[in-house]
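Worksheet: the structure to be examined is printed underneath.
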Amino acid sequence: MNTASFEYRDGALAAEGVCLRKLADELGTPLYVYSALAIRRNFLAYEAAFKDVPHLVCYSVKAASNLALLDIIKSLGGGADIVSGGELYRARKVGIEPSKIVFSGVGKTEKEMAEALKADVLMFNVESGPEAELLNKVAGQMGKKAPISFRVNPDVDPKTHPYIATGLKESKFGIPIDEARDLYRQAKNLSHLDPIGLDCHIGSQLTQISPFAAAAERLAALLGLLKQDGLKIRYLDLGGGLGINYHAQDVPTAADYARAVKDVLGGCLPELTLIMEPGRSVVGPAGLMLVRVLYNKITPHRHFVIIDGAMNDLIRPSLYGSYHEILPVIDHNRPKVKVNVVGPVCESGDFMAQDRELSEVKAGECLAVFGAGAYGFSMSSNYNSRPRPAEVLADGQSYRVIRARETLEDLLRGETV
Ligand SMILES: *Cc1c(COP(=O)(O)O)cnc(C)c1O
């Protein structure tokens with residue numbers, strides 16, 4: 001993991017120049033902390049890797065959607081990959097140009113289509129024939145032509161968790177690649193669609209380059225056929241999916257990824273603008289969650305470290321069985337014990353770590369849950385009527401709260417008896 005922005009200094013963990021224990025004491029726990037430096041660095045790695053070809057990096061908003069984080073992306077010239085009207089609203093709120101927004105997702109509603117057409121987004125990534133027909137109708141009613149690509153399903157195995165593999169033929173996502181040519185022919189004849197792109201997104205947390213290369217190869221072949229059919233495809237959207245090092249994993253860099261796909265695309269490149277939709281690899285390593293130990297509960301069978309953060313705050317361990325590094329914020333080199341780190345939520349599935357060698361910790365001390373920047377806060381909920389954590393952005397020596405901790409009043413907003 002690229003944790004250089006989170007470092008121990010004299011035995012105390014810091015986010016850039018900000019001491020995390022002080023932050024926890026001041027703002028309470030659980031608390032999400034992001035490093036602005038790390039987000040910039042991870043985003044710019046894509047810009048650098050693709051600088052020799054026309055490209056657009058559309059940050060996948062669902063990975064972490066806070067306005068302050070989107071503002072960093074915008075300030076670096078980035079675009080947005082959105083999957084809902086809500087994400088369109090966020091992206092527009094920070095001023096990301098509509099010409100840099102692509103609208104993905106398998107279940108766009110008529111209302112969302114109208115909103116995105118009104119905003120003049122760059123492209124709709126369409127995932128089925130019926131969706132194309134509806135978009136054609138909505139665009140017609142508005143007197144517009146909707147720029148589209150079809151999201152094809154290249155049927156490659158991304159070798160990742162089944163819940164985040166999206167490019168296999170049994171997936172709900174995309175269009176089987178052998179049906180794509182027909183759909184493009186049909187779309188060409190619909191007067192309110194303008195097929196300008198070709199798209200895929202094969203999955204998330206990929207730790208190998210070969211599936212990306214295989215997908216790019218299939219897309220390149222399809223591009224050739226579409227050209228024969230007289231279509232002028234100008235955008236090739238390769239989706240997101242690059243994995244991060246959660247724990248002792250070797251992961252490819254943006255540069256490795258770029259080299260491989262450019263290699264495969266070779267001859268097609270001059271006619272294309274490449275679009276990437278990275279989420280996790282931009283924000284994942286750039287965020288952590290601070291929690292506090294409530295109790296050590298030792299039963300005849302297990303040692304539970306009960307913390308004040310739970311599955312409602314960070315659901316990845318419960319949902320995917322994923323591994324997050326957990327270390328004490330102060331003095332992490334201590335004798336280790338085997339424990340289960342669990343939260344207060346009333347579900348046995350509520351755990352941050354199982355059978356984990358963790359430093360012996362005392363009630364009251366703080367732990368850092370690393371690699372929580374992506375699909376952390378954005379997947380959080382109020383389950384068990386738990387107000388969601390605050391979010392903080394560290395930037396050099398300073399920090400600011402970018403989302404206030406929810407209050408009990410927030411929990412009841414909109415409810416009536
Ligand atoms: C979630 C998603 C992404 C981002 O994936 P990461 O693994 O976070 O990079 C990109 N494109 C689409 C269509 C997505 O659904």
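Hydrogens, waters and symmetry mates are skipped; everything else that's a heavy atom, side chains included, is used. Note that the structure is a prediction, hence the values are computed from the model and not measured. As the structure lists them, so they are numbered: ligands from 1, and atoms in each ligand from 1. When a residue number appears, it is its place in the shown sequence, counting from 1.
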Can you name the atoms of ligand 1, numbered from 1 with element, that are less than 4.0 Å from a heavy atom of [X]?
| X | result |
| --- | --- |
| Arg151 | 13 (C) |
| Tyr375 | 1 (C), 4 (C), 5 (O), 6 (P), 8 (O) |
| Gly241 | 5 (O), 6 (P), 7 (O), 9 (O) |
| Ser204 | 6 (P), 7 (O), 8 (O) |
| Pro278 | 9 (O) |

Would you verify whether the NZ or CZ of [X] falls within 45 degrees of the ring axis of [Y] while also being under 6.0 Å from that six-membered ring's centre?
| X | Y | result |
| --- | --- | --- |
| Lys62 | Tyr375 | no |
| Lys108 | Phe103 | yes |
| Arg356 | Tyr323 | yes |

Please work out whether any backbone atom (N, CA, C, O) or any side-chain heavy atom from C-beta onward of [X] is under 4.0 Å from ligand 1, and answer side chain, backbone, both or neither.
| X | answer |
| --- | --- |
| Asn125 | neither |
| Arg280 | both |
| Ser60 | side chain |

Evaluate [X] for polar contact with ligand 1, using N/O atom pairs at a separation under 3.5 Å.
| X | value |
| --- | --- |
| Gly203 | no |
| Gly279 | yes |
| Ser104 | no |

Legend entry - Salt bridge Asp410-Arg413, side-chain N to carboxylate O under 4.0 Å: no
Inset, instruction - Flag the pair Lys22 and Asp25 as a salt bridge only when some basic side-chain nitrogen lies within less than 4.0 angstrom of an acidic carboxylate oxygen. - result: no
Inset, instruction - Determine whether Glu365 and Ile330 make a side-chain contact, defined as any pair of heavy atoms from C-beta on separated by less than 4.5 Å. - result: no
Inset, instruction - Would you indicate whether the side-chain heavy atoms of Pro387 and Thr407 approach each other to under 4.5 Å? - result: no
Inset, instruction - Report yes if the distance between the aromatic ring centroids of His332 and Tyr8 is under 6.0 Å, otherwise no. - result: yes
Inset, instruction - Please check if the distance between the ring centroids of Phe150 and Tyr184 is under 6.0 Å. - result: yes
Legend entry - atom 14 (C) of ligand 1: nearest protein contact (heavy atom, Å): Lys62 NZ, 2.7 Å
Inset, instruction - Note the single closest protein heavy atom to atom 10 (C) of ligand 1, along with its residue, its atom name and the distance in Å. - result: Glu277 O, 3.2 Å
